[in-house]
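Report on the structure given below.
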Amino acid sequence: MGALGGGLCRALRGPDRVISTGESTRLGAIPRDGGTNFALFSAGAERVDLCLFTESGETVLTLPERSGDIWHGFVPGIGEGARYGYRVHGPWAPAQGQRFNPAKLLIDPYARALDAPIRWHVLMQGGTGPIPDVRDSAEVVPKAIVCADRRTDWARPQVPLSETVVYEAHPRGLTMLHPEVPEALRGRFEALASEPVIAHLRALGVTALELLPCAAFIDDQFLLEKGLTNYWGYQPVGFFAPDPRYGGPEAFRTMVAGLHAAGIEVLVDIVLNHTGEGDDAGPSLSLRGIDNASYYRLSGPGRSCIDDTGTGNTIDLSHPMVLRMATDCLRHWVCDLGVDGFRFDLAATLGRDSAGRFGPDAAFLSALRQDPALASVKLFAEPWDVGPGGYQLGGFPWPFSEWNDRYRDGVRRFWKREPGMTAELARRIAGSAEIFDRAGRSASASLNFITAHDGFTLHDLVSYAEKNNAANGENNRDGHSANYSEALPTEEERAARKRAMLATLLISQGVPMILAGDEIGNSQKGNNNAYAQDNEIGWTDWREADLGLMRFVARLVALRKAHPVLRQRRFLHARVRRQDGVRDLIWRLPSGTEPSLQDWTDPSLDCIGLEIRGAAEGPDGEAAREAVFVVLNTGPGKTVQLPAGAWRLLLDTAHPDAQETACEGDSSCVSAQSVQLFARPTVAAAGATQERS
């Protein structure tokens, strides 16, 4: 079917409104010179109409100029606050990948603000098969808002990656039940920088607040039909615009400024691998109607969307203009909105070429590494997707760090007392060097976590043997089944294991991430996939906070900060240090001897000790002047031989309130399901008296 006529647009073409050529330099709506320049990329369009909305209705102006594949025009008298959208004309030819339909109002991909949240409505459907849906969607599609640049010289905390402690939270759920946050602010960006929230983050000692997606997203049809909403927000439509559910751009900037003033960095989870337009039968809201064949990866004789993401579509970042959109988006969040880094959802998709092959030199990954505005911020990759060859842990280039699910599973299985997991635990707490030590990457390449938004909370990990996702309306079929969780019978056992796992996380080499609420015993009632639970299941519950556990987590973070040997940039390979002739990493059995290969493969090995010093290849520094000894015991209580020297017991998870104390004798009694941390000074420089171990 050919191009659809402009008669489908129920609009007034205003003769009093003038539009001139404008320019193609910047995409989006850019206020300047007493008006606004509008520019939109579409390679397949035959005409692009700009729709301006006021209380009196819709005015349609055709963009008068095309430079390459960028359509543009300048409208005088239009400034900040103006509301607009696009109708794009071209062929409706799904078999060729073209889905132009001017009956559908489209959101500018570069829109920096929207006037309402995006919620699915039947009028948004573009059509299926050979027949387009000609019903006008303007009344149900949010309008983009013209916004001026707000480039700011942000006073960033600039915390080194090796010193970073991440706190992952939902931008709404963190504050909805917080009794000290004013009720009018709860669930909004401003609440995240309110005095009680900042006081809590500072008391914990975390250095970065990582927020689940903040960009505008859609509530999916299938969720609305079940009376649920897309709580997590992993269905983006407006990549540049903060979601109106939480507040607009100014509210976001206010939040960032408040957190920066408290010394806390802001990271955002950003979704650039797919959109909320779903599969070929999904709504036509933005990219699908602007230029489906350019923005999405398509395949087959029917030119259907490739689904490497499990959401119905995959953005084609190998296309230069789509790549430009993605990098422009990231610069906007860094320069205009002030964020200090990103967590990239399903990042394996971002590293695929036009044929779907992943590579560390993919266009998007390379573009980030060379961009001056982006190369200096923190980059965390979720290193997998559901496409072919989608598991890419360790495959990303410097300076990316990666979510390490092998760390998560290894720690969980060790503390669950699965046989034969001690060697796996050893690899994980030493920084997963066999995965990440390549091509100049540091030990900070591993983002270590035990829990995250996707999965059990820490409390549920020790309280439920099986997931309990009935509230999601999918008969408990959704969510992970391999949780390595356990319903421990007593509160004492649950508390002991939580402390042991948290201690493991904070003494491990790499970057630790704490899930919001774990430090106060938050539960999701066994739901390990609360993506649709914008209610008390998904919200952080502050009402019966475990303050003792919170103090314990704060103590762990403080110990990590006070002892640089626990957070080194260099990998530890049990090599001899030039300073003192002692290896930087020594494993110990409870007897004090070093384990043999047979010991490592013994399924009954349930206790291991670890001596850590400054890395052999590292420069002299604070980490070089100290040694720590860690004991991790998942079995019954036992006596552990300490290495030679005058050790101080810094922490015992079995006695969380006990103070530091000097060790008497050459052994220590270690309780079941517990971690002990010892420290002692070592030589300051080469030539001093060498210690013996």
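Under the rule for a side chain to side chain donor-acceptor pair (under 3.5 Å), the partners of E80 that lie at least two apart in sequence or sit in another chain are R150. Every residue two or more places apart in sequence or in another chain that forms a side chain to side chain donor-acceptor pair (under 3.5 Å) with R331 is listed here: D328, D371. Remark: E168 pairs with no residue by the salt bridge (Lys or Arg N to Asp or Glu O under 4.0 Å) rule, at least two apart or across chains. Taking E210 as the reference, nothing meets the salt bridge (Lys or Arg N to Asp or Glu O under 4.0 Å) condition, with sequence neighbours excluded. Judged as a side chain to side chain donor-acceptor pair (under 3.5 Å), and not counting sequence neighbours, Y86 has no contacts. Residues passing the salt bridge (Lys or Arg N to Asp or Glu O under 4.0 Å) test with R253, sequence neighbours excluded: E250. For V386, there are no side-chain contact (heavy atoms from CB on, under 4.5 Å) partners, not counting sequence neighbours.
With rounding to the nearest 0.5 Å, the separation of CD1 in I270 from CG in L211 is 12.0 Å. Between S286 atom OG and F239 atom CZ the span is 7.5 Å, to the nearest 0.5 Å. Atoms CZ and SG, on R99 and C305 in that order, are 7.0 Å from each other to the nearest 0.5 Å. Atoms CD and CD, from E23 and E65 in turn, are 12.0 Å apart once rounded to the nearest 0.5 Å. The distance from the OG1 atom of T327 to the CG atom of L374 is 7.5 Å, given to the nearest 0.5 Å. Atoms OG and CD1, from S294 and I315 in turn, are 13.0 Å apart once rounded to the nearest 0.5 Å.
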TODO: In sequence, state the C-alpha distance, the side-chain angles, and the governing distance for L267 and K378, and then conclude on side-chain contact (heavy atoms from CB on, under 4.5 Å).
DONE: CA-CA 8 Å; L267 313 175; K378 292 181 170 66; 4.3 Å; yes
TODO: For the pair S284 and M124, evaluate side-chain contact (heavy atoms from CB on, under 4.5 Å) and give the outcome as yes or no after the intermediate values.
DONE: CA-CA 6 Å; S284 186; M124 295 173 174; over 6 Å; no
Task: Criterion side chain to side chain donor-acceptor pair (under 3.5 Å) on D220 and Q235, from CA distance to verdict - done: CA-CA 8 Å; D220 315 70; Q235 288 284 49; 2.7 Å; yes
TODO: Just do the side chain to side chain donor-acceptor pair (under 3.5 Å) check on N472 and D478 with the steps written out, would you?
DONE: CA-CA 8 Å; N472 296 351; D478 63 303; 2.6 Å; yes
Open item on the list: Using the rule given for side chain to side chain donor-acceptor pair (under 3.5 Å), can you reason through D269 versus Y234, listing the C-alpha separation, both sets of side-chain angles and the distance that settles it, and then say yes or no?
Closed with: CA-CA 9 Å; D269 194 329; Y234 286 97; 2.5 Å; yes
TODO: Evaluate the criterion side-chain contact (heavy atoms from CB on, under 4.5 Å) for residue pair L114 and I107; output intermediate values, then yes/no.
DONE: CA-CA 9 Å; L114 300 180; I107 296 171; 3.9 Å; yes
TODO: Please step through side-chain contact (heavy atoms from CB on, under 4.5 Å) for the pair L285 and T275, ending with a clear verdict.
DONE: CA-CA 10 Å; L285 285 164; T275 77; over 6 Å; no
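Pairing each heavy atom of P142 with each of P117, the nearest pair is CG-O, 3.3 Å. For the residue pair L393 and W403, the shortest heavy atom distance occurs at CD1-O, 3.5 Å. Shown here for V141 and K143, the closest heavy-atom pair between the two residues is O-NZ, 2.7 Å. In plain terms, the two heavy atoms of E190 and L185 that are nearest each other are CB-CD2, 3.9 Å. Pairing each heavy atom of L287 with each of M325, the nearest pair is CD2-SD, 4.3 Å. The minimum heavy-atom distance between L330 and F364, with the atom names listed, is CD1-CZ, 3.9 Å.
Residues S67 and H72 are in side-chain contact: their nearest non-hydrogen atoms beyond the backbone lie under 4.5 Å apart. Counting heavy atoms from C-beta on, the side chains of L105 and C51 come closer than 4.5 Å. In this structure, the side chains of F342 and V377 come closer than 4.5 Å at one or more pairs of heavy atoms. I78 places a side-chain heavy atom less than 4.5 Å from the side chain of F38. Side-chain contact check for F400 versus L368: some heavy-atom pair is nearer than 4.5 Å. In this structure, D345 and N273 have side chains that are in contact, with non-hydrogen atoms separated by less than 4.5 Å. Looking at heavy atoms from C-beta onward, T229 lies out of side-chain contact with L223 at the 4.5 angstrom threshold. Two residues are said to be in side-chain contact when any heavy atoms from C-beta on lie closer than 4.5 Å; L40 and I70 fail this criterion.
Residues D280 and S304 bring a donor and an acceptor atom of their side chains to less than 3.5 Å of each other. Side-chain contact annotation: W539 with D534, donor-acceptor N/O pair under 3.5 Å present. In the model, Y531 has no side-chain atom that pairs as donor or acceptor with a side-chain atom of N469 under 3.5 Å. In summary, the side chains of D49 and H89 do present a donor paired with an acceptor at a separation below 3.5 Å, with no hydrogens or angles considered. Side-chain atoms of Q221 and H121 include no donor-acceptor pair closer than 3.5 Å.
Applying the ring pair (Phe, Tyr, Trp, His ring centres under 6.0 Å) test to residues at least two apart or on different chains, the pairs with a partner in residues 291-335 are F41-Y295, F41-H319, F240-H332, F252-W333. Judged as a salt bridge (Lys or Arg N to Asp or Glu O under 4.0 Å), the pairs with a partner in residues 287-298 (not counting sequence neighbours) are, in order, R297-D308. Sorted by first then second residue, the salt bridge (Lys or Arg N to Asp or Glu O under 4.0 Å) pairs that include residues 383-403, not counting sequence neighbours, are R352-D385, E402-R441. Applying the salt bridge (Lys or Arg N to Asp or Glu O under 4.0 Å) test to pairs two or more places apart or on separate chains, those with a residue in residues 235-245 are D219-R245, D243-R245.
In this structure, E55 does not pair ionically with R83, as no charged nitrogen and carboxylate oxygen lie closer than 4.0 Å. Between R156 and D340 there is a salt bridge, since a side-chain N of the basic residue sits under 4.0 Å from a carboxylate O of the acidic one.
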Name each donor-acceptor pair under 3.5 Å that joins a side chain in residues 26-35 to protein atoms two or more places apart or in another chain, with its distance.
unit_1 : atom_1 : unit_2 : atom_2 : d
R26    : NH1    : D149   : OD2    : 2.8
R26    : NH2    : D149   : OD1    : 3.1
R32    : NH2    : N37    : OD1    : 3.4

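The backbone N or O of G187 lies less than 3.5 Å from a partner atom in the side chain of T175, making a donor-acceptor pair. Checked by atom type and distance alone, the side chain of K104 pairs as donor or acceptor with a backbone atom of L123 at under 3.5 Å. T36 places no side-chain N or O within 3.5 Å of a backbone atom of V75 that could act as its donor or acceptor partner.
A distance of 6.0 Å or more separates the ring centres of W232 and H170. The six-membered or imidazole ring of F358 lies near that of F396, with a centre-to-centre distance under 6.0 Å.
R369 forms no cation-pi arrangement with W398, by the criterion of a distance under 6.0 Å to the ring centre and an angle within 45° of the ring axis.
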